[in-house]
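Each remark here refers to the structure printed beneath this line.
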Amino acid sequence: MKKIVLFVKESYAELKKVVWPGRDDVISSVKVVLVSTIIIAAVLGLIDLLLLMGIRALF
């Protein structure tokens, strides 16, 4: 039981050292993730469409 209590205390101490991102940092990161997700989805959709058209042309 002592090890568990020690672990919790040390974990809490480490979490106090963390520099948490501010609101502006989080918002800009979310924007980057959303834009890159949309771009990758569009590229994959285009590749899928081209492959589908190619397969339909063969058969």
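Nothing fancy with the numbering, it's 1 onward along the sequence. These numbers come from the heavy atoms of this one structure, side chains and all, not from hydrogens, waters or symmetry mates.
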Could you give the side-chain donor-acceptor pairs of residues 37-59 under 3.5 Å, partners two or more places apart or in another chain?
unit_1 : atom_1 : unit_2 : atom_2 : d
Thr37  : OG1    : Val33  : O      : 2.7

Salt bridge (charged side-chain N to carboxylate O under 4.0 Å, His left out) pairs touching residues 17-42, sequence neighbours excluded, are Glu14-Lys17

Note: with side-chain heavy atoms under 4.5 Å as the link, the other cluster members for Val30 come out as Val26, Leu34

